[in-house]
Amino acid sequence: MLTQSQLMGLEQTHLMEVEDQLLECRTAVAFRQMQEAASKVGLDLQCASGWCSFDSQLSTFNGKVMGKQPLVDEEGRPLNPANLNDNELLRAILAWSSLPGTSRRHWGCDFNFYDANAISRDNLKLEPLEYRGRGPNGKLNRWLDEHMTEYGFFRPYTKNLGGVQPEPWHLSFAPVALPALAAFDERALAEHLKQSKLALKSHILERLPELLRRYFYQVTPAPAATLRNR
């Protein structure tokens with residue numbers, strides 16, 4: 001069971017290295033097994049981005065609020081934060097980026113993947129077209145559709161449920177992710193956010209329960225097979 005500090009991205013004692021990324025230890029083992037199986041059919045499954053810290057997520061979030069990082073709407077069209085009110089700005093950011101302390105990648109059991117045989121990490125944009133049809137990650141994406149549950153993985157963002165936009169590149173290791181979500185302490189998060197340098201802090205704290213329901217708890221359920229097979 002992960003601690004609250006680990007759940008919020010404040011420590012990394014639960015992690016191990018996988019190439020140049022960090023994953024939770026059980027997740028790393030399952031990832032290696034799935035990676036080896038994919039390699040037998042000519043696919044090079046790699047982790048584009050694994051664990052991220054609270055501070056890293058805070059930098060991303062604040063950068064979007066302040067216009068220092070790209071901000072797009074739900075269709076991927078560029079937005080100017082200066083033209084948005086606080087509610088509109090939060091909606092645009094949280095559709096694609098987690099509130100600091102709530103990123104599933106804090107847990108180390110969630111990561112973004114790609115096929116290194118078809119595209120380099122430098123050229124990867126994490127856009128839906130890269131994972132469809134003849135896109136560079138399309139073949140790997142289809143292989144994962146058939147096999148990922150055998151290794152305990154599922155996609156938490158398969159369709160628009162009114163919060164986070166679909167992310168075909170995002171995989172989650174159910175045996176760790178499900179207990180992590182159940183154990184998350186909203187009060188501990190609120191206390192930590194109060195002490196942080198979070199942009200829009202007062203507005204976020206006022207709406208925190210609602211934001212968590214929409215952008216944190218509202219995910220595609222893991223198939224039962226992801227737990228049976230581990």
Side-chain angles (χ1 to χ4, degrees), residues 9 47-50 52 54 56-107 109-114 119 121 123-138 140-142 144-145 148 153-172 177 181 184 186 189 193 198-222:
C47 178
S49 45
C52 72
F54 178 93
S56 174
Q57 196 67 22
L58 181 66
S59 177
T60 297
F61 183 90
N62 286 354
K64 291 190 175 186
V65 172
M66 299 171 186
K68 296 179 179 179
Q69 293 201 25
L71 181 68
V72 298
D73 66 12
E74 294 178 357
E75 303 299 324
R77 295 170 297 207
L79 291 171
N80 182 349
N83 297 332
L84 307 177
N85 63 38
D86 288 351
N87 285 330
E88 293 169 337
L89 186 52
L90 268 181
R91 177 174 177 175
I93 295 172
L94 296 179
W96 298 105
S97 299
S98 299
L99 184 69
T102 71
S103 172
R104 295 173 67 96
R105 291 204 293 120
H106 292 332
W107 309 344
C109 59
D110 283 51
F111 60 92
N112 300 325
F113 75 88
Y114 71 107
I119 190 171
R121 184 185 298 172
N123 290 328
L124 186 69
K125 296 180 180 178
L126 292 179
E127 294 179 347
L129 286 176
E130 295 175 319
Y131 293 80
R132 297 175 185 160
R134 295 185 180 181
N137 299 304
L140 175 58
N141 201 37
R142 291 188 291 275
L144 287 168
D145 282 342
M148 63 183 172
F153 292 96
F154 74 106
R155 301 179 202 264
Y157 305 120
T158 59
K159 56 186 176 181
N160 188 349
L161 298 174
V164 179
Q165 293 301 293
E167 296 186 351
W169 50 81
H170 186 137
L171 295 187
S172 184
L181 187 65
F184 193 84
E186 296 181 18
L189 172 67
L193 292 179
L198 178 67
L200 304 179
K201 185 192 300 185
S202 297
H203 187 69
I204 288 169
L205 290 172
E206 288 175 2
R207 294 186 57 197
L208 189 58
E210 171 204 345
L211 295 175
L212 290 175
R213 283 194 301 272
R214 182 171 182 178
Y215 297 101
F216 180 63
Y217 292 112
Q218 193 162 260
V219 296
T220 302

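Between Leu71 and Trp96 the shortest side-chain heavy-atom distance does not fall below 4.5 Å. Between Phe216 and Leu99, every side-chain heavy-atom pair lies at or beyond the 4.5 Å cut-off. The shortest distance between side-chain heavy atoms of Leu124 and Asn137 falls below 4.5 Å. The side-chain heavy atoms of Leu193 and Phe54, taken from C-beta on, include a pair separated by under 4.5 Å. Side-chain contact check for Leu84 versus Arg91: every heavy-atom pair is 4.5 Å or farther apart. Within the 4.5 Å cutoff, side-chain heavy atoms of Asn141 are placed close to those of Phe113.
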Would you mind writing out the side-chain donor-acceptor pairs for residues 206-214 within the sub-3.5 Å range, not counting sequence neighbours?
from, atom 1, to, atom 2, distance (Å)
Arg207, NE, Glu210, OE1, 3.2
Arg207, NH1, Asn87, OD1, 2.8
Arg207, NH2, Glu210, OE2, 2.7
Arg214, NE, Gly162, O, 2.4
Arg214, NH2, Gly162, O, 3.0

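Asp73 meets the salt bridge (Lys or Arg N to Asp or Glu O under 4.0 Å) test with Arg77; sequence neighbours excluded. Applying the side-chain contact (heavy atoms from CB on, under 4.5 Å) criterion to Ser98, with sequence neighbours excluded, gives Gln57, Thr102, Ser103. The side chain to side chain donor-acceptor pair (under 3.5 Å) test applied to Glu186 returns Tyr217, not counting sequence neighbours. Considering only residues two or more places apart in sequence or on other chains, Trp169 meets the ring-ring contact (aromatic ring centres under 6.0 Å, His included) condition with Tyr131. Applying the side chain to side chain donor-acceptor pair (under 3.5 Å) criterion to Ser172, with sequence neighbours excluded, gives Arg104, Asp110. In terms of the side-chain contact (heavy atoms from CB on, under 4.5 Å) criterion, residue partners of Ala199 (sequence neighbours excluded) are, by chain and number, Asn62, Val65. When the side-chain contact (heavy atoms from CB on, under 4.5 Å) test is applied to Leu129, the partners found at least two apart in sequence or on another chain are Arg132. The ring-ring contact (aromatic ring centres under 6.0 Å, His included) search around Phe61 returns none, not counting sequence neighbours. Annotation: side chain to side chain donor-acceptor pair (under 3.5 Å) contacts of Asn83 (sequence neighbours excluded): none. Under the side chain to side chain donor-acceptor pair (under 3.5 Å) criterion, Asp145 pairs with Arg155, sequence neighbours left out.
Side-chain atoms of His170 never come within 3.5 Å of backbone atoms of Phe111 as a donor-acceptor pair (strictly under, hydrogens ignored).
Among residues at least two apart or in separate chains, there is no salt bridge (Lys or Arg N to Asp or Glu O under 4.0 Å) pair with a member in residues 78-89.
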Practice problem: Apply side-chain contact (heavy atoms from CB on, under 4.5 Å) to the pair Phe153 and Leu144, showing each step before the final yes or no. | Solution: CA-CA 9 Å; Phe153 292 96; Leu144 287 168; over 6 Å; no
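The two residues Ser97 and Lys64 have their closest heavy-atom pair at OG-NZ, 2.7 Å. Of all the heavy atoms in Ala48 and Tyr114, the pair that sits closest is CB-CD2, 3.6 Å. In plain terms, the two heavy atoms of Ala95 and Glu74 that are nearest each other are CB-CG, 4.2 Å. Taking each heavy atom of Tyr215 and Leu94 in turn, the nearest pair found is CD2-O, 3.4 Å. When all heavy atoms of Pro166 and Thr158 are compared, the closest pair comes out as CB-O, 3.9 Å. Heavy atoms only, all atoms of each residue included: Asn112 and Arg105 are closest at ND2-NE, 4.2 Å.
Separation of atoms CG (Leu140) and CE (Met148) is listed at 10.5 Å; rounding is to 0.5 Å. The line from NE2 of His203 to CG of Leu90 is 5.0 Å long, rounded to the nearest 0.5 Å.
Within 6.0 Å of atom NZ in Lys68, 12 or fewer heavy atoms from other residues, nucleotides or ligands are found, so the atom counts as exposed in its surroundings.
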